[in-house]
Trainee: 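Got a structure for you, written out below as C-alpha coordinates; questions coming shortly.
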Amino acid sequence: MSENKLHPHTWVDQYANYLFNYAIARVNDAEVAKDLIQETFFAGLKSAENYMGAATERTWLIAILKRKIIDHYRKINSKKGKAEIRMQYKANTESEGDWLEEQVADPFSLQENDALENEELGLAIQDCIDTLPEKQHLVFTMKTIRGLSTEDICNELNINPSNLWVMIHRARTALMGCLNENWFKL
Amino acid sequence: MISCDEAVHICNKSQYREATLFEKLRLKLHILICKSCSVFSKKNKKLTVLCDKAHLHALSESDKKTLQKQIQDRL
(Lines give C-alpha, C1' and ligand atoms only; values in the text may rest on other atoms or scores of the structure.)
Protein backbone atom coordinates (compact mmCIF):
# COMPACT_ATOMS: atom_id res chain seq x y z
CA MET A 1 0.00 0.00 0.00
CA SER A 2 2.66 2.49 0.96
CA GLU A 3 5.41 3.92 -1.20
CA ASN A 4 8.13 3.41 1.36
CA LYS A 5 9.95 0.15 1.08
CA LEU A 6 13.22 -1.09 2.49
CA HIS A 7 16.21 -1.63 0.25
CA PRO A 8 18.88 -3.00 2.56
CA HIS A 9 21.48 -3.41 -0.16
CA THR A 10 21.55 0.38 -0.69
CA TRP A 11 21.70 1.28 2.99
CA VAL A 12 25.45 1.63 3.22
CA ASP A 13 25.77 3.85 0.16
CA GLN A 14 22.79 6.00 0.98
CA TYR A 15 22.71 6.36 4.74
CA ALA A 16 25.99 5.16 6.29
CA ASN A 17 27.67 8.56 6.32
CA TYR A 18 24.57 10.36 7.52
CA LEU A 19 24.10 7.91 10.37
CA PHE A 20 27.82 8.04 11.10
CA ASN A 21 27.73 11.82 11.51
CA TYR A 22 24.59 11.56 13.61
CA ALA A 23 26.17 8.99 15.89
CA ILE A 24 29.57 10.64 16.18
CA ALA A 25 27.97 13.88 17.35
CA ARG A 26 26.44 11.93 20.22
CA VAL A 27 29.10 9.48 21.30
CA ASN A 28 32.17 11.47 20.25
CA ASP A 29 34.17 8.41 19.24
CA ALA A 30 34.61 7.13 15.69
CA GLU A 31 35.05 3.48 16.66
CA VAL A 32 31.98 3.41 18.88
CA ALA A 33 29.98 5.22 16.20
CA LYS A 34 31.04 2.64 13.63
CA ASP A 35 29.90 -0.21 15.88
CA LEU A 36 26.61 1.57 16.51
CA ILE A 37 25.73 1.89 12.83
CA GLN A 38 26.67 -1.72 12.28
CA GLU A 39 24.29 -2.73 15.07
CA THR A 40 21.66 -0.39 13.65
CA PHE A 41 21.80 -2.01 10.23
CA PHE A 42 21.64 -5.50 11.73
CA ALA A 43 18.69 -4.56 13.92
CA GLY A 44 17.05 -3.04 10.86
CA LEU A 45 17.45 -6.28 8.93
CA LYS A 46 16.11 -8.28 11.81
CA SER A 47 12.95 -6.23 12.21
CA ALA A 48 12.49 -5.48 8.53
CA GLU A 49 9.09 -7.15 8.49
CA ASN A 50 7.87 -4.75 11.16
CA TYR A 51 8.54 -1.80 8.89
CA MET A 52 5.15 -0.40 7.96
CA GLY A 53 6.34 2.19 5.50
CA ALA A 54 4.91 4.99 7.59
CA ALA A 55 8.25 6.79 7.78
CA THR A 56 11.01 7.02 5.23
CA GLU A 57 13.78 4.47 5.36
CA ARG A 58 16.22 6.95 6.85
CA THR A 59 13.89 8.19 9.58
CA TRP A 60 13.27 4.58 10.52
CA LEU A 61 16.99 3.81 10.68
CA ILE A 62 17.64 6.95 12.73
CA ALA A 63 14.98 5.83 15.20
CA ILE A 64 16.80 2.52 15.61
CA LEU A 65 20.14 4.30 15.93
CA LYS A 66 18.75 6.48 18.71
CA ARG A 67 17.83 3.36 20.71
CA LYS A 68 21.30 1.97 20.09
CA ILE A 69 22.92 5.15 21.37
CA ILE A 70 20.79 5.05 24.53
CA ASP A 71 21.72 1.38 25.00
CA HIS A 72 25.37 2.30 24.60
CA TYR A 73 25.20 4.87 27.37
CA ARG A 74 23.30 2.47 29.62
CA LYS A 75 25.98 -0.13 29.10
CA ILE A 76 28.93 2.11 29.93
CA ASN A 77 27.09 3.45 32.92
CA SER A 78 26.38 0.04 34.39
CA LYS A 79 30.02 -0.88 33.94
CA LYS A 80 31.03 1.92 36.22
CA GLY A 81 28.82 0.44 38.90
CA LYS A 82 27.98 3.60 40.70
CA ALA A 83 27.55 7.20 39.98
CA GLU A 84 30.32 9.44 41.01
CA ILE A 85 30.14 13.10 41.80
CA ARG A 86 33.21 15.16 41.93
CA MET A 87 33.32 18.78 42.78
CA GLN A 88 36.36 20.82 42.30
CA TYR A 89 36.47 24.47 42.98
CA LYS A 90 39.83 24.91 41.31
CA ALA A 91 41.41 24.32 44.69
CA ASN A 92 44.93 24.07 43.37
CA THR A 93 45.13 27.22 41.31
CA GLU A 94 45.82 30.78 42.19
CA SER A 95 42.12 31.57 41.90
CA GLU A 96 41.63 30.03 45.34
CA GLY A 97 39.47 32.23 47.47
CA ASP A 98 37.75 33.86 44.51
CA TRP A 99 34.01 34.00 44.52
CA LEU A 100 32.28 31.05 42.89
CA GLU A 101 29.93 33.50 41.25
CA GLU A 102 32.77 34.66 39.09
CA GLN A 103 32.99 31.23 37.52
CA VAL A 104 29.41 30.83 36.33
CA ALA A 105 28.77 30.76 32.62
CA ASP A 106 28.43 34.06 30.85
CA PRO A 107 24.67 34.44 30.26
CA PHE A 108 25.26 36.50 27.14
CA SER A 109 27.58 34.03 25.51
CA LEU A 110 26.26 32.47 22.31
CA GLN A 111 28.98 29.90 22.13
CA GLU A 112 27.14 27.00 23.67
CA ASN A 113 24.77 26.97 20.73
CA ASP A 114 27.66 26.52 18.33
CA ALA A 115 28.04 22.80 18.84
CA LEU A 116 24.33 22.23 18.28
CA GLU A 117 24.22 24.43 15.24
CA ASN A 118 27.32 22.84 13.79
CA GLU A 119 25.78 19.41 14.14
CA GLU A 120 22.68 20.50 12.29
CA LEU A 121 24.85 22.11 9.67
CA GLY A 122 26.84 18.91 9.32
CA LEU A 123 23.71 16.87 8.75
CA ALA A 124 22.40 19.43 6.26
CA ILE A 125 25.65 19.27 4.32
CA GLN A 126 25.64 15.48 4.44
CA ASP A 127 22.08 15.56 3.15
CA CYS A 128 23.18 17.63 0.19
CA ILE A 129 26.23 15.46 -0.44
CA ASP A 130 23.99 12.41 -0.55
CA THR A 131 22.03 13.92 -3.43
CA LEU A 132 25.15 14.17 -5.61
CA PRO A 133 25.79 11.67 -8.40
CA GLU A 134 27.80 8.69 -7.21
CA LYS A 135 31.18 9.62 -8.68
CA GLN A 136 31.05 13.24 -7.51
CA HIS A 137 29.88 12.07 -4.11
CA LEU A 138 32.89 9.78 -3.83
CA VAL A 139 35.46 12.32 -5.02
CA PHE A 140 34.09 15.16 -2.91
CA THR A 141 33.98 13.03 0.22
CA MET A 142 37.50 11.74 -0.27
CA LYS A 143 38.90 15.18 -0.98
CA THR A 144 37.01 17.42 1.41
CA ILE A 145 36.02 15.27 4.31
CA ARG A 146 38.71 12.67 4.45
CA GLY A 147 41.30 15.16 3.24
CA LEU A 148 43.15 12.83 0.89
CA SER A 149 45.64 14.31 -1.56
CA THR A 150 44.83 14.74 -5.24
CA GLU A 151 47.46 12.18 -6.16
CA ASP A 152 46.11 9.49 -3.83
CA ILE A 153 42.56 9.91 -5.08
CA CYS A 154 43.66 9.78 -8.70
CA ASN A 155 45.57 6.57 -8.06
CA GLU A 156 42.74 4.96 -6.16
CA LEU A 157 40.00 5.84 -8.63
CA ASN A 158 42.15 5.63 -11.74
CA ILE A 159 41.34 9.12 -13.04
CA ASN A 160 43.55 12.03 -14.02
CA PRO A 161 43.78 15.28 -12.06
CA SER A 162 41.81 17.41 -14.53
CA ASN A 163 39.05 14.83 -14.32
CA LEU A 164 39.11 15.13 -10.56
CA TRP A 165 38.90 18.91 -10.60
CA VAL A 166 35.97 18.85 -12.98
CA MET A 167 34.10 16.55 -10.63
CA ILE A 168 35.07 18.64 -7.60
CA HIS A 169 33.83 21.73 -9.39
CA ARG A 170 30.47 20.16 -10.27
CA ALA A 171 30.07 18.83 -6.75
CA ARG A 172 30.88 22.17 -5.16
CA THR A 173 28.53 24.07 -7.45
CA ALA A 174 25.73 21.63 -6.71
CA LEU A 175 26.40 21.85 -2.97
CA MET A 176 26.35 25.65 -2.99
CA GLY A 177 22.93 25.56 -4.63
CA CYS A 178 21.65 22.86 -2.31
CA LEU A 179 22.83 24.58 0.85
CA ASN A 180 21.40 27.83 -0.36
CA GLU A 181 18.01 26.12 -0.54
CA ASN A 182 18.21 24.04 2.61
CA TRP A 183 20.39 25.91 5.05
CA PHE A 184 20.28 29.64 4.45
CA LYS A 185 16.57 29.86 3.76
CA LEU A 186 15.55 28.33 7.08
CA MET B 1 44.97 37.55 -18.58
CA ILE B 2 43.46 34.22 -17.59
CA SER B 3 40.07 32.96 -18.70
CA CYS B 4 37.12 32.39 -16.40
CA ASP B 5 37.58 28.63 -16.72
CA GLU B 6 41.11 28.92 -15.46
CA ALA B 7 40.06 31.28 -12.69
CA VAL B 8 37.44 28.81 -11.50
CA HIS B 9 39.98 26.00 -11.58
CA ILE B 10 42.45 27.97 -9.47
CA CYS B 11 39.68 29.00 -7.11
CA ASN B 12 38.72 25.36 -6.58
CA LYS B 13 42.33 24.38 -6.05
CA SER B 14 42.88 27.12 -3.50
CA GLN B 15 39.98 25.75 -1.42
CA TYR B 16 42.24 22.78 -0.78
CA ARG B 17 45.42 24.86 -0.45
CA GLU B 18 46.77 23.49 -3.67
CA ALA B 19 47.10 26.69 -5.66
CA THR B 20 50.53 28.24 -6.01
CA LEU B 21 51.23 31.83 -5.02
CA PHE B 22 51.52 32.86 -8.65
CA GLU B 23 48.18 31.24 -9.47
CA LYS B 24 46.48 32.96 -6.57
CA LEU B 25 47.86 36.29 -7.75
CA ARG B 26 46.45 35.75 -11.22
CA LEU B 27 43.11 34.77 -9.70
CA LYS B 28 43.05 37.98 -7.64
CA LEU B 29 43.69 40.02 -10.75
CA HIS B 30 40.94 38.24 -12.62
CA ILE B 31 38.48 38.75 -9.79
CA LEU B 32 39.11 42.46 -9.91
CA ILE B 33 37.68 42.72 -13.40
CA CYS B 34 35.23 39.80 -13.48
CA LYS B 35 32.03 40.15 -11.47
CA SER B 36 30.76 36.60 -11.86
CA CYS B 37 34.05 35.00 -10.84
CA SER B 38 34.17 37.27 -7.83
CA VAL B 39 30.73 36.04 -6.77
CA PHE B 40 31.72 32.43 -7.41
CA SER B 41 34.91 32.82 -5.40
CA LYS B 42 33.02 34.24 -2.44
CA LYS B 43 30.48 31.44 -2.48
CA ASN B 44 33.16 28.83 -2.86
CA LYS B 45 35.03 30.16 0.15
CA LYS B 46 31.84 30.15 2.15
CA LEU B 47 31.29 26.50 1.32
CA THR B 48 34.78 25.68 2.53
CA VAL B 49 34.18 27.53 5.79
CA LEU B 50 30.87 25.72 6.31
CA CYS B 51 32.43 22.33 5.65
CA ASP B 52 35.21 23.08 8.12
CA LYS B 53 32.79 24.30 10.74
CA ALA B 54 30.58 21.24 10.47
CA HIS B 55 33.35 18.78 11.40
CA LEU B 56 32.05 16.23 8.97
CA HIS B 57 33.08 12.62 9.22
CA ALA B 58 32.99 9.94 6.61
CA LEU B 59 33.50 6.22 6.65
CA SER B 60 36.43 4.99 4.60
CA GLU B 61 35.70 2.89 1.54
CA SER B 62 37.03 -0.25 3.20
CA ASP B 63 34.77 0.29 6.21
CA LYS B 64 31.84 0.72 3.89
CA LYS B 65 32.72 -2.43 2.01
CA THR B 66 32.89 -4.55 5.17
CA LEU B 67 29.56 -3.12 6.31
CA GLN B 68 28.04 -3.84 2.92
CA LYS B 69 29.34 -7.39 2.98
CA GLN B 70 28.02 -7.99 6.48
CA ILE B 71 24.57 -6.83 5.40
CA GLN B 72 24.71 -8.90 2.23
CA ASP B 73 25.56 -11.98 4.28
CA ARG B 74 22.50 -11.52 6.42
CA LEU B 75 20.03 -10.86 3.66
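Reminder, nothing fancy here: chain letters follow the sequence lines and each chain counts from 1.
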Trainee: What are the two closest non-hydrogen atoms of B/L56 and A/G122, and how far apart are they?
Mentor: CD2-O, 3.3 Å
Trainee: Which atom pairs, one donor and one acceptor, sit under 3.5 Å between chain A and chain B?
Mentor:
| unit_1 | atom_1 | unit_2 | atom_2 | d |
| --- | --- | --- | --- | --- |
| A/H9 | O | B/Q68 | NE2 | 3.0 |
| A/N17 | OD1 | B/L59 | N | 2.9 |
| A/N21 | OD1 | B/H57 | N | 2.8 |
| A/N21 | ND2 | B/H57 | O | 3.1 |
| A/K34 | NZ | B/D63 | OD2 | 3.1 |
| A/Q38 | NE2 | B/Q70 | OE1 | 2.8 |
| A/N118 | ND2 | B/K53 | O | 3.3 |
| A/K143 | NZ | B/E18 | OE2 | 2.5 |
| A/T144 | OG1 | B/Y16 | OH | 2.7 |
| A/T150 | OG1 | B/E18 | OE1 | 2.6 |
| A/T150 | OG1 | B/E18 | OE2 | 3.0 |
| A/H169 | ND1 | B/N12 | ND2 | 3.0 |
| A/R172 | NE | B/N44 | OD1 | 2.5 |
| A/R172 | NH1 | B/Y16 | OH | 2.8 |
| A/R172 | NH2 | B/N44 | O | 3.3 |
| A/R172 | NH2 | B/N44 | OD1 | 3.2 |
| A/R172 | NH2 | B/T48 | OG1 | 2.7 |

Trainee: Can you measure from CG (A/L6) to CG (A/L45) and round to the nearest 0.5 angstrom?
Mentor: 9.0 Å
Trainee: Using a strict SG to SG cutoff of under 2.5 Å, would you count B/C4 and B/C37 as disulfide-linked?
Mentor: no
Trainee: Mind checking whether A/L61 and A/F41 have side chains closer than 4.5 Å, heavy atoms only?
Mentor: yes
Trainee: Which atom names give the shortest non-hydrogen contact between B/L27 and B/C11, and what distance separates them?
Mentor: CD2-CA, 3.9 Å
Trainee: Which region of A/L148, side chain (C-beta onward) or backbone (N, CA, C, O), has a non-hydrogen atom less than 4.5 Å from a non-hydrogen atom of chain B, or is it both or neither?
Mentor: neither
Trainee: Answer yes or no: are there more than 12 heavy-atom neighbours, outside B/I33 itself, under 6.0 Å from its atom CD1?
Mentor: yes
